[in-house]
Amino acid sequence: MLRVLKPEILTQLTTSVTSTMTIPRVLLITKGHPFSREPFFELFDQLEVDYTHVEQPVAWHLLRKDVMADFDCAVFYDMPGIEFLPGGPDFSQPDTQFKSQFLDLLASGKGMLFLHHAIAGWPGWPEYANIIGGRFLYLPGSLRGEKVLDSGYRHHVTHNVQVLDPEHPILQDLPASFSLQDELYLFEVFEQDVVPLLRSNYEFTSANFYSAAKAVKEGKMNSNQDWSHPPGSNLIGWVKRYSNSPITYLQPGDDPVTWQNPHFIELLKNAVRWTASNAAITWAQKS
């Protein structure tokens, strides 16, 4: 069930969301990266969730404890803090108020699910990468005190996905391995901070990916010339704790080919339900 939230009805939000106890109530956040809207929302219509869609920057005003009390989790398919300009991207940080209310929301134990390009959001705010468990970088920079190159991308990759923990609720009813065609990232993953769920059999080396910086700064799409990113992680799905909140990240999810894959649909449905559950909150709050 879809509700589209308009800025002019922001004050009506707390009375506009109703749901049965068995159906997760989800705030679905987009904007900052192009996507095929109709098939994307058709995907969420299949998930048996009660979702309200809102775009950035309105979402900045909603990600606080009082508003989010009406939702069981937030799902991020957005990419805030980046403006793509002719000479290259411009990065910004959220203001102090947003940071404070967002961290308060995490301290309250609200589940959050980040999908695909959401891992590139708020590149000017280092703590955002720590919340998610990694970062996709459009430009070379520093991460956790280390210099890193820009990340890599590769569209329409057919690869095999390995299920690492079939007992985890996010992976229930999935085969031990399955095939996806999707965009993959050669990016930074904080493997020591996360519980791994999914790995790809693709080879995550610079020869198999294209430089993000060449695309956004030089206008050279699908180029890895003179770009030698170190081999990266093949981890494409994980959960982690941040403060008192359960965090889920799924790297798959670029386009309608992926969204129509029955295994991805099941994976996403499971991920939303677990991230929104009391069991996930209890897990996150264990010391």
Side-chain angles (χ1 to χ4, degrees), residues 33 35 40 43 75-79 112-121 128-138 143 148-210 212 229-242 246-275 280:
H33 191 288
F35 66 98
F40 180 75
L43 165 67
V75 177
F76 298 83
Y77 197 67
D78 63 343
M79 209 166 67
M112 298 187 181
L113 168 58
F114 297 86
L115 297 176
H116 195 56
H117 53 251
I119 201 164
Y128 203 64
N130 293 329
I131 293 167
I132 301 176
R135 169 150 286 167
F136 182 98
L137 295 100
Y138 275 95
L143 200 60
V148 290
L149 286 179
D150 56 297
S151 297
Y153 65 95
R154 184 71 179 256
H155 291 98
H156 310 305
V157 177
T158 299
H159 63 114
N160 196 62
V161 179
Q162 179 187 2
V163 168
L164 302 179
D165 181 6
E167 300 302 316
H168 196 283
I170 290 179
L171 302 177
Q172 67 180 14
D173 299 325
L174 289 172
S177 63
F178 56 93
S179 179
L180 281 180
Q181 179 181 309
D182 201 10
E183 180 188 20
L184 288 177
Y185 294 150
L186 178 60
F187 60 176
E188 308 302 315
V189 180
F190 307 149
E191 288 214 24
Q192 70 276 18
D193 295 350
V194 307
V195 178
L197 296 182
L198 300 167
R199 291 193 185 273
S200 169
N201 73 336
Y202 196 66
E203 189 174 352
F204 286 73
T205 62
S206 58
N208 290 333
F209 288 84
Y210 303 125
H229 194 288
S233 173
N234 66 350
L235 188 60
I236 61 169
W238 61 77
V239 295
K240 68 183 296 288
R241 301 174 175 92
Y242 185 94
I247 305 296
T248 303
Y249 176 71
L250 299 178
Q251 202 270 297
D254 179 58
D255 63 23
V257 174
T258 307
W259 304 337
Q260 294 166 11
N261 184 299
H263 298 309
F264 176 76
I265 295 170
E266 189 70 22
L267 172 67
L268 181 57
K269 180 171 72 173
N270 290 346
V272 172
R273 287 185 170 273
W274 181 81
T275 308

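- In this structure, the side chain of R154 engages the main chain of N208 through a donor-acceptor pair within 3.5 Å.
- The six-membered or imidazole ring of F264 lies away from that of W259, with a centre-to-centre distance of 6.0 Å or more.
- Each of N201, N160, V161 was scored for a side chain to side chain contact (heavy atoms under 4.5 Å, CB included) with S177, with one residue passing: N160.
- Nearest heavy atom pair, residue L235 against residue P196, reads CD1-CB, 3.4 Å.
- R135 places a side-chain N or O within donor-acceptor distance of the main-chain N or O of G121, the cut-off being under 3.5 Å.
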query = Does the side-chain contact (heavy atoms from CB on, under 4.5 Å) test come out yes or no for F178 and Q162, once each step is laid out?
reply = CA-CA 7 Å; F178 56 93; Q162 179 187 2; over 6 Å; no
query = Going through the distances and angles, do V272 and T248 end up as a side-chain contact (heavy atoms from CB on, under 4.5 Å)?
reply = CA-CA 9 Å; V272 172; T248 303; over 6 Å; no
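- Side-chain N/O atoms of H116 and Y185 include a donor and acceptor closer than 3.5 Å.
- Using a 4.5 Å heavy-atom cutoff, the side chains of P175 and H263 are in contact.
- Counting heavy atoms from C-beta outward, I119 and F136 have side chains that approach closer than 4.5 Å.
- Relative orientation of the Y202 and F209 rings is perpendicular, given thresholds of 30° and 60° on the angle between their planes.
- A donor-acceptor contact shorter than 3.5 Å is absent between the side chain of E188 and the backbone of L149.
- You'll find the side chain of W238 reaches within 4.5 Å of the side chain of V189, heavy atoms only.
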task = Go through L180 and T158 one step at a time and tell me if the side-chain contact (heavy atoms from CB on, under 4.5 Å) criterion holds.
result = CA-CA 6 Å; L180 281 180; T158 299; over 6 Å; no
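- Rounding to the nearest 0.5 angstrom, the gap separating the CD atom in E203 from the CG atom in N234 is 10.5 Å.
- Heavy-atom minimum distance, A129 versus L143: CB-CD1, 4.2 Å.
- The side-chain heavy atoms of L198 and L164, taken from C-beta on, include no pair separated by under 4.5 Å.
- Residues P246 and W274 have side chains in contact (heavy-atom distance under 4.5 Å, counting atoms from C-beta outward).
- With rounding to the nearest 0.5 angstrom, the CD1 atom of I247 is 8.0 Å from the CZ atom of F76.
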message = Between T258 and D182, is the side chain to side chain donor-acceptor pair (under 3.5 Å) condition met? List the steps.
response = CA-CA 6 Å; T258 307; D182 201 10; 2.9 Å; yes
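- Side-chain contact between Y138 and M79 is present, with heavy atoms from C-beta onward closer than 4.5 Å.
- Atoms CG and NZ, from D193 and K240 in turn, are 6.0 Å apart once rounded to the nearest 0.5 Å.
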message = Using side-chain contact (heavy atoms from CB on, under 4.5 Å), reason through H159 and I236 one step at a time and then give a plain yes or no.
response = CA-CA 12 Å; H159 63 114; I236 61 169; 3.9 Å; yes
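- Looking only at distances, a side-chain donor or acceptor of N261 sits under 3.5 Å from a matching main-chain atom of S179.
- Using a 4.5 Å heavy-atom threshold, the side chains of F204 and L184 count as touching.
- Salt-bridge check for R199 with E191: passed, with a basic side-chain N closer than 4.0 Å to an acidic carboxylate O.
- Aromatic rings of F35 and H117 (six-membered ring for Trp) have centroids beyond the 6.0 Å cut-off, not under it.
- Between Y77 and F40, some side-chain heavy-atom pair lies under the 4.5 Å cut-off.
- Between Q172 and N270, the shortest heavy-atom distance links the atoms O-ND2, 2.9 Å.
- Using the six-membered ring where Trp is involved, F114 and Y128 have ring planes that are perpendicular, over 60° apart on the 30 and 60° scheme.
- Residue L174 comes nearest to I170 through the heavy atom pair CD1-O, 4.0 Å, listed as atom of the first residue, atom of the second, then distance.
- At least one donor-acceptor pair closer than 3.5 Å links the side chain of D150 to the backbone N or O of A212.
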